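Since the structure comes first, as structure tokens, the remarks are kept for the end.
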Amino acid sequence: MDITTTLQDGVSVVGVAGSLDSTTAPRAQDGILPLIASGCRLVLDLSRCDYVSSAGLRVLLMIAKQLAAKNGQWAIAGLSNEIKDVMEMTGFASFFATFGTVAEALAAVKKTCP
Amino acid sequence: MLRIDTHPTHQYKGFDIRVGKPLPFGATLVPGGVNFSVYSSHARSCELVLFKKHEPQPYAWIPFPDEFRIGNVFTMVVFDLDYENIEYGFRMEGPFDPREGHRFDKAKILMDPYAKAIGGRDVWGTEPDWTNVYPHRARVLLDDFDWEDDHPLEIPIEDLIIYEMHVRGFTRHPSSGIKHPGTFAGIREKIPYLNGLGVNGIELMPIHEFDEFENSRLSPATGQRLMNYWGYSNVGFFAPKAGFAATGKFGMQADELKNLIKELHKNGMELILDVVFNHTAEGNENGPTISYRGIDNKTYYMLTPDGYYYNFTGCGNTLNCNNPIVRNMILDCLRYWATDYHVDGFRFDLASILGRDQNGAPMHSPPLLETLAFDPILGKCKLIAEAWDAGGLYQVGSFPSWGRWAEWNGKFRDDVRKFLKGDPGLVGAMMQRLQGSPDLYQWQKRGTRASVNFITAHDGFTLMDLVSYNGKHNEANGENNGDGANDNDSWNCGGEGPSADPAVNRLRLKQIKNAVTMLLVSQGTPMILAGDEMGKTQGGNNNAYCQDNETSWLDWRLLDKNAELHDYFKSIIHFRKAHPALRSCHHFGSNASPNGYPDISWHGTEAWSCDASPESRALAFLLNGENVKGGTANDSFIYVALNMHWEMRGFRLPQLPEGLTWHVAANTDMPAPEDIFEPGEEKRIGDQSEFLVGPRSVVVLIGK
């Protein structure tokens, strides 16, 4: 798994490539948690992520909770249909705003937090 | 702050380990590692066996050092495990002495009895590798879940309308039109349907991990593959069946089931699990060794003095439920489902076994049943017993209850079926069944809450088959039609099986409406078999446990075909929910209300007089709507006339208080839409003194 972070229009765009599972989740968490500050804005780009395991979903939910606690805004972009479907069936989907592309996610994040 | 006891103390072949905690049993994530804990009274030593997920051979064997054993519990923390991608088992060394009850075999890799996720049958029906050294594999489960504000609903049991379904059968048929047929997610997709029907308690046939390939074979009659489709044969008690989850291939079956339960709760529906604690999938001495036999045979099973398996279940072995260790396992298990899955209640398969002692003798005050009745964590869970077993114990009405246990009322099923088909001599029995069977339950002051009323359940005919077949037709099960019950009390209405005769089909439709009306106007908790509301047929198969095919799967096209029936079910369910007088929690007394009417009164073709002689097939009752449900609610007067004679009968109506008049709520003799009226739209009748009730018909009136 690789993590890249770029700043686009004041929004951190974090790209995760590869698998998000129990072996990589701690690294993803370490990479993303420092970005979470009061009122922060974040887009998680999973378009190059091929698999999110049970542990991976939990890391995403934890990020969501921490962001909410700090009034941060975030969205997930580029989920594969399969991952999206798994999130739907296991109840995780209801905690995330998901968009097809990074551009759409960026627009949404900027809109909710001008 | 870091604890000082979370670091490794020992090393074994590259693994960092330390002594673990004996409780909780099973595999638990702890800081830096996994705590493994397993009990055996008779093993001399134990080894942890680790596999990489799906790999044929283990990659590590780690013996529990003797100093890690606490009492009879082997416990150890192993650090730095990739917990999501391993499978674990145990090997136990101990005596092989069947006469003494011991069957240890160091060669076998054994599943953890407390495994919370089990791999090996991840996708339903995928042919297993029969050479697998460890076919049912314990996995470490991430058991956290964000329930938000979810809480079990705690609907009073008399207000429940239970709907019994098979997870796979409910949506597996292509006509279900959903994304994930045959799964927990599939049921979730059908929540709007269930809501529309109006049921508020979903009872799932066994969902604990079982092996659908157990005893799988080809039917000599049809050539079709027969499976262990129902799953009344547990591999593990703590793990949901992976093959019932669309996400089972990713190991997320627990999350998928929890999400289903959370969504059901959001929609006002409880979830009840059918739990099978009477035996396991290991069978007798010729069966496979999966777990219990190899971990502590003598503890887990009831054994004869010669060390063979008692078979009170018809399934080869009998779980030793009143052994203190097994008893605790059952308690731990139920608490886990109540706590971690927010389950609302349990239906106990062949529950009378749970009241037998270690030699199989029925006990007066079985410790297990008492423990469950008084357990604080299960305090609000429904506990429903199938109050009989395959060893001849029949305890309907006498199941040890401590005022807590309800029972599947088998007498209700039998009497209503006989009355429905016009058998003589049933009026007296029906008077009991309609008012919550005080003859069975009043002596213990158990009230109507003791009685789960049903006419059909997974065992036996569907309701459509009950009115379409005189005898069972189980040839496809491959036992020369020798399996399944013979005492079905069914009647085919004039021709065996599907009929082209419109008169026969009309009568069948009416008989189903009669049956469901009797069920839903009876005091107690009604249970409907999934599919009966759309006329599901199994072609006369009354024991479809092995039929993973169109015989069992619910064909959703029936919704169109039998739309009238479905509408009737919806309306009669609505009727029950609208009338608290039908849902008393106490048996009726003889006290008259301020309005002068008894809470229940019995009538027949004459008002205030009921003919209960053998040839009578007519019966009516009147419920006084004043001060119902222990004085907490008011309702209209409800009058129900049952004419199971083949000729029309005039029923003289009891007089209502000044200012009230009789209105028809339901009349099964009429074709739709005159067969049933929504609350508030009941039709005032012209003749207020007598009502002509058609042949084999039920009429429901309300006085308002």
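The model shown is predicted, which means the values in this text are computed figures rather than measured ones.
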Could you go through A:T23 and B:D82, starting from their C-alpha distance and side-chain angles, then the distance that decides it, and tell me whether this counts as side-chain hydrogen bond (donor to acceptor under 3.5 Å, both in side chains)? CA-CA 7 Å; A:T23 46; B:D82 179 7; 4.9 Å; no

Answer whether the closest heavy-atom distance between the side chains of A:K65 and B:D146 falls below 4.5 Å. yes

Kindly check if the number of other-residue, nucleotide or ligand heavy atoms within 6.0 Å of CG (A:N81) is above 12? no

Hey, which of A:S22, A:S94, A:G91 has the most heavy atom pairs under 4.5 Å with chain B? A:S22

Side chain, backbone, both or neither of B:E148 within contact of chain A (heavy atoms, under 4.5 Å): side chain

At a 4.5 Å cut-off on heavy atoms, which part of B:K179 comes close to chain A: side chain, backbone, both, or neither? side chain

Derivation of the side chain to side chain contact (heavy atoms under 4.5 Å, CB included) call for B:K258 and A:T90: CA-CA 8 Å; B:K258 287 172 184 176; A:T90 52; over 6 Å; no

Please confirm whether the backbone N or O of B:L142 pairs with a side-chain atom of A:R58, one donor and one acceptor, at under 3.5 Å? yes

Sidechain-backbone polar pair: B:E84 side chain, A:S54 backbone, donor-acceptor under 3.5 Å: yes

Close contacts, residues 244-256 of chain B versus chain A, judged by heavy atoms under 4.5 Å: B:A246, B:T247, B:K249, B:F250, B:M252, B:D255, B:E256

List the steps and the verdict of side chain to side chain contact (heavy atoms under 4.5 Å, CB included) for B:E189 and A:M89. CA-CA 10 Å; B:E189 287 184 66; A:M89 289 186 280; over 6 Å; no

